[in-house]
Amino acid sequence: MIDWLRRFAVRSYRIGRFVGYFIYELIASNVIVAWEIITPRSGLSPVIIAMPLRSRTKGERTLFVGVVTLTPGTLSLDLRDEPATLYIHGMHASDVGRFRRRLHYLEDLLLAAWRPVGSAQQVGPAVPGAAAPTAAGPSGESGGLPPRPETPAASDGKPTDRDSEEGGR
């Protein structure tokens, strides 16, 4: 009985964390798009990126494509199966690295909420060679939850050469 309660608490926390972050992103994106419409200057920094996915099933991929497309200012363009890659258009991606980290974080939260607690299919690192997620859940276990994305303290708003080489064109 205790194990069931622990799994329920961890799963509820994961779902709440995903929903909360998605609502935050949805509101922030709507404000940015609305501001773009009502102001005379253009703050557009369009980019198309190729994002490698850790989603293992078609259901996980379809759900992530829907979440990306629902967020104003982003659009899923193409989904490839081998290797699992999603091509995404972003309207306001002056910092391509930050844009990519935000999308990986959203996928991490989605997978942590979607997958059963304690399954062998835990969320892995966002980028090959990156460290596995370590954020602790309500019970102190990591449970596959990702850390918050990095937010650069100061950025000149220009993508780096490395970001351009990775598909940020």
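No experiment lies behind these values; they were computed from the predicted model shown.
Among all heavy-atom pairs drawn from A84 and S55, the shortest one is CB-O, 4.4 Å. Shown here for V117 and R7, the closest heavy-atom pair between the two residues is CG2-O, 3.6 Å. What you find for L109 and F18 is that their closest heavy atoms are O-CB, 3.8 Å.
Two different hydrophobic clusters hold V33 and V68 under the rule that ILVMFWY side chains link at heavy-atom gaps under 4.5 Å. Neither V96 nor L44 shares a network with the other; the hydrophobic side chains, linked directly or stepwise wherever heavy atoms of I, L, V, M, F, W or Y lie under 4.5 Å apart, form separate groups for each. Linking Ile, Leu, Val, Met, Phe, Trp and Tyr residues whenever their side-chain heavy atoms come within less than 4.5 Å places L63 and L70 in a single cluster.
At least one side-chain heavy atom of V47 sits less than 4.5 Å from a side-chain heavy atom of I49. Looking at V67 and L106, their side chains come closer than 4.5 Å, going by heavy atoms from C-beta outward. Counting heavy atoms from C-beta outward, D95 and F99 have side chains that stay 4.5 Å or more apart. For the pair I88/L75, no side-chain contact is recorded, criterion being any heavy-atom separation below 4.5 Å from C-beta on. Taking 4.5 Å as the limit, every side-chain heavy atom of E60 sits out of range of all side-chain heavy atoms of E107.
Relative orientation of the Y24 and Y21 rings is tilted, given thresholds of 30° and 60° on the angle between their planes.
With sequence neighbours excluded, the residues that form a side chain to side chain contact (heavy atoms under 4.5 Å, CB included) with I23 are V19, I27. For V65, the side chain to side chain contact (heavy atoms under 4.5 Å, CB included) test picks out T69, S76, L79, L86, with sequence neighbours left out. Applying the side chain to side chain contact (heavy atoms under 4.5 Å, CB included) test to Y87 and every residue at least two apart in sequence or in another chain returns A50, L77, D78, R80, T85. Partners of S29 by side-chain hydrogen bond (donor to acceptor under 3.5 Å, both in side chains), not counting sequence neighbours: none found. Here T71 pairs with nothing under the side-chain hydrogen bond (donor to acceptor under 3.5 Å, both in side chains) rule; sequence neighbours left out. Contacts of R61 classified as salt bridge (charged side-chain N to carboxylate O under 4.0 Å, His left out), with partners at least two apart in sequence or in another chain: D81. In this structure T62 satisfies the side chain to side chain contact (heavy atoms under 4.5 Å, CB included) test with no other residue, sequence neighbours excluded.
For the pair R41 and E36, the salt-bridge criterion is not met [side-chain N within less than 4.0 Å of a carboxylate O].
Rounded to the nearest 0.5 Å, atoms CE (M51) and NE2 (H104) are 4.5 Å apart. Taking CD1 of I32 as the reference point, atom CD of E25 lies at 8.0 Å (rounded to 0.5 Å).
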side-chain contact (heavy atoms from CB on, under 4.5 Å) between T74 and H89, intermediate numbers included: CA-CA 6 Å; T74 59; H89 176 269; over 6 Å; no
